[in-house]
Amino acid sequence: CLSAGDMHSALLLLLTFFSYRSGGDRLFHGSLLDQDLVLDLDMDLLAVLRRVDPRFLSVTIDASLASEERFMLLLRSQRIRTLATALSPAFLRFGGTKQDFMVFSPQRSQQLDPHENSSSDQRREPCSSVRLPWWLEQRLKQDWAQQQLVLAKEEQQNQYNPVHFTELTVDLLHSFSSCCSLDLIFGLNALLRTADNSWNSSNARSLLRYCDSKQYEMSWELGNEPNSFEKKAGIRVDGNQLGVDFTRLRKMMSEFKLYRDAGLFGPDVGQPRDRRADLLESFLHSGAKAINACTWHHYYVNGRDTSLQDFLDPEVLDTLALKTNEVLERVQQESPGKPVWLGETSSAYGGGARGLSDTFVSGFMWLDKLGLGARLGLDVVMRQVLVGAGSYHMIDDDLDPLPDYWLSLLYKRLVGPEVLKLQLVSDSGRSKRVRLYLHCANRKSFVCSYPGGAVVLIWMNLSRKPVRISLPTGVSSSTVDAFVLQSNQPGEEGLQSRSVQLNGELLKMVDDKTLPELNGTQLPPAEHLKLLPYSLGFFVMMDAQAPACS
Ligand SMILES: *[C@@H]1O[C@H](CO)[C@@H](O)[C@H](O)[C@H]1NC(C)=O
Ligand SMILES: *[C@@H]1O[C@H](CO)[C@@H](O)[C@H](O)[C@H]1NC(C)=O
Ligand SMILES: *[C@@H]1O[C@H](CO)[C@@H](O)[C@H](O)[C@H]1NC(C)=O
Ligand SMILES: *[C@@H]1O[C@H](CO)[C@@H](O)[C@H](O)[C@H]1NC(C)=O
């Protein structure tokens, strides 16, 4: 029996990186040559550094999908439902710029909804009977492509048309989220203001009343990126007033039994930049008590002027740490202990960068955000978007899953909420290109069940230069379940592919109801593991016997 101290030193593991020159076709093992890069790693397998929400990886649907209500019918697609269900447990946030231009106009639009047939308020269709006729799906997909041009123009001109939505939008959202076991968050319009510039809650009240009558369990937000209200709508709302508005919404929620204890999240500010920071601070002053988590938004780059290099640049990836620490510090000051979430986030703002945000290379930003965000102190990260708006979607306009979808699915299945400490002891500039995070393996996953004590190493290799990873004793005596994601095409061109391979096999849906099996490749205990160039993935150390994870 080891004392805690012995155990700690036994578990303070050293990972060493060596170099190798020979390419070799083998996926996982490389041969050892000289040592031009050595990285020592510390792993603490004794204690959980922090624990994130089980819904850590969550997704959004941009409110622009409701810009014409019929597009919401896409959420009946069997394909989307199969893909979304596999990401549960997760939040589904419905919001974005358009949310502050949306007005609830209660009236059922019969002709749009082929399923609605009774006026009974309590009737809900069973999930299994949901069908979107193929011809309608086809039609909606085509029209959505056109609609995106309209939306892009609105954004360019900073002129947003108002949207009137009916019960149908809410019904479709709720049916989608509940059938896919996702927790719905609905973003309310904060730009309905009274003469004295406080929030006019009357429209929200009628929406809450309707949702309550249908017994829709859901949570709420109010306003999207209030820091740019002035730019988008010529209305200035300061942080203090917004906090007062949130307090008013909380009070209104408490009048409904169903929403008394429901979640309220906000203020969904853009990432800190001078004035925005002030907004967050003064918002928390007056509104912190009303919210369950403090949300902010993060994008690395502008979709209109970014490059492949940005997507692979460790300096760009590191900017997340700067912004996150800034927000965490502020929240800690104003409202200690309040969870902090990325309420909307992706690679590039302005709808993403076509050919980058929707291709394999986007995975580096996404996986690094998940790894770094969990380690720094974020509890939930909501990815913009699951489907719809822009090119940062996880499911494309043909409803095919993109590489980031598959990456997210693997993350869900393999990675547990417990973050473990993994530190570089010795460092060199180049080491920044090999990025590593450590969690307990997911023990709640129905698909893969790993023994207690299993850990998962989340890794990515942005490097062109030879490096190699050598496992320390203890971890090196563990069988490894390896999940290596690579482009389906070799070299740099492959980075912009819309397809991805898992352990050498192209990933694609078997049919609209069936996902492929995502099996790892089991490697016998070994001292060396190889991270392929421009690849990312997960190594589950099945017999690591980490006390923190048992
Ligand atoms: C419409 O509802 C009625 C009863 O509420 C039911 O008998 C009928 O089968 C429904 N029709 C369709 C097309 O679902
Ligand atoms: C709030 O908006 C409603 C209509 O949406 C309007 O009837 C009402 O007068 C407004 N209230 C205030 C105080 O402006
Ligand atoms: C990362 O990719 C490079 C590029 O070829 C490769 O040589 C290197 O071994 C990989 N890094 C690690 C840590 O395996
Ligand atoms: C994946 O693993 C399962 C269970 O271990 C096995 O039944 C199945 O055949 C495997 N699938 C593939 C494609 O290897």
Side-chain angles (χ1 to χ4, degrees), residues 59-77 80 92-105 107 109 111-113 132 135-170 172-173 176 186-192 203 223-225 228-235 268 270 297 299 302-306 344 346-358 383-400 402:
V59 296
T60 73
I61 287 189
D62 194 86
S64 62
L65 194 66
S67 55
E68 273 187 34
E69 201 156 38
R70 64 197 174 107
F71 292 117
M72 296 297 289
L73 287 169
L74 278 170
L75 298 183
R76 287 178 180 275
S77 150
I80 299 182
L92 176 76
R93 181 238 189 189
F94 177 79
T97 303
K98 268 296 200 197
Q99 96 184 46
D100 292 303
F101 297 89
M102 286 178 61
V103 176
F104 180 52
S105 311
Q107 70 192 252
S109 23
Q111 74 280 16
L112 277 185
D113 188 351
L132 178 63
W135 56 268
L136 184 53
E137 179 170 319
Q138 220 41 44
R139 174 82 181 275
L140 289 171
K141 286 195 288 193
Q142 278 165 18
D143 293 355
W144 176 246
Q146 291 305 307
Q147 181 70 2
Q148 295 225 60
L149 300 178
V150 176
L151 293 166
K153 201 165 152 210
E154 281 187 19
E155 194 172 315
Q156 232 167 39
Q157 305 180 336
N158 241 314
Q159 294 236 327
Y160 299 93
N161 297 323
V163 173
H164 290 270
F165 69 102
T166 71
E167 293 92 335
L168 178 63
T169 287
V170 195
L172 288 168
L173 265 177
F176 176 71
F186 190 97
L188 296 165
N189 183 340
L191 278 178
L192 296 170
N203 195 252
N224 178 73
E225 302 190 3
S228 56
F229 279 171
E230 198 165 6
K231 184 176 145 220
K232 289 181 291 198
I235 298 176
D268 283 279
H297 297 180
Y299 294 86
N302 181 347
R304 281 178 279 270
D305 66 6
T306 186
E344 181 196 302
S346 200
S347 49
Y349 61 87
R354 198 165 289 281
L356 296 168
S357 296
D358 50 356
R383 163 65 186 249
Q384 174 89 346
V385 295
L386 177 65
V387 64
S391 52
Y392 41 35
H393 42 205
M394 301 160 82
I395 303 172
D396 73 11
D397 292 343
D398 282 328
L399 309 190
D400 285 324
L402 289 166

If you measure from [atom1] on [X] to [atom2] on [Y], what distance do you get to the nearest 0.5 Å?
X	Y	atom1	atom2	result
Leu73	Leu168	CG	CG	6.0 Å
Glu225	His297	CD	NE2	5.5 Å
Gln156	Leu149	CD	CG	10.5 Å

- Please indicate whether Gln157 has more than 12 foreign heavy atoms, meaning atoms of other residues, nucleotides or ligands, lying under 6.0 Å from its CD.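 Yes, enclosed.
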
Check whether [X] reaches the backbone of [Y] with its side chain - one donor and one acceptor, N or O, closer than 3.5 Å.
X	Y	value
Asn158	Glu155	no
Lys232	Gln159	no
His393	Leu386	no
Ser357	Ser347	no
Glu167	Gln107	yes
Gln142	Arg139	no

- Item | 4.5 Å side-chain heavy-atom contact, Glu69 and Thr166 | yes

- Message: Is any side-chain heavy atom of Phe94 closer than 4.5 Å to one of Asp62?
- Response: no

Closest approach of [X] and [Y], non-hydrogen atoms and distance?
X	Y	answer
Ser64	Leu151	CB-CD1, 3.8 Å
Ala348	Asn302	CB-C, 4.2 Å
Val387	Ile395	CG2-O, 3.8 Å
Ala190	Phe229	CB-CZ, 4.0 Å
Leu356	Thr306	CD1-CG2, 4.1 Å
Ser67	Lys98	CB-CE, 4.2 Å

- Item | Residue list, side-chain hydrogen bond (donor to acceptor under 3.5 Å, both in side chains) with Glu68, at least two apart or on another chain | Arg70

- Message: Students often mix this up, so state it plainly: with edges at 30° and 60°, are the rings of Phe165 and Phe104 parallel, tilted or perpendicular?
- Response: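 Geometry flag for Phe104 against Phe165: tilted rings.
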
- Message: Check this for me, if you would: do Asp396 and Lys141 make a salt bridge, where the nitrogen-to-carboxylate-oxygen distance has to be below 4.0 angstrom?
- Response: no

- Message: Any carboxylate oxygen within less than 4.0 angstrom of a Lys/Arg side-chain nitrogen, looking at Glu137 and Arg76?
- Response: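 Arg76 and Glu137: not salt-bridged.
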
- Message: I need the single residue from Leu188, Asn189, Ile235 that forms a side-chain contact (heavy atoms from CB on, under 4.5 Å) with Asp100. Which is it?
- Response: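 Single side-chain contact (heavy atoms from CB on, under 4.5 Å) partner of Asp100 among Leu188, Asn189, Ile235: Asn189.
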
- Query: Can you find a side-chain donor-acceptor pair between Asp397 and Gln148 that sits under 3.5 Å?
  - Reply: yes

- Message: Evaluate Tyr392 against Gln384 for side-chain hydrogen bond (donor to acceptor under 3.5 Å, both in side chains), listing each step before the verdict.
- Response: CA-CA 7 Å; Tyr392 41 35; Gln384 174 89 346; 3.2 Å; yes

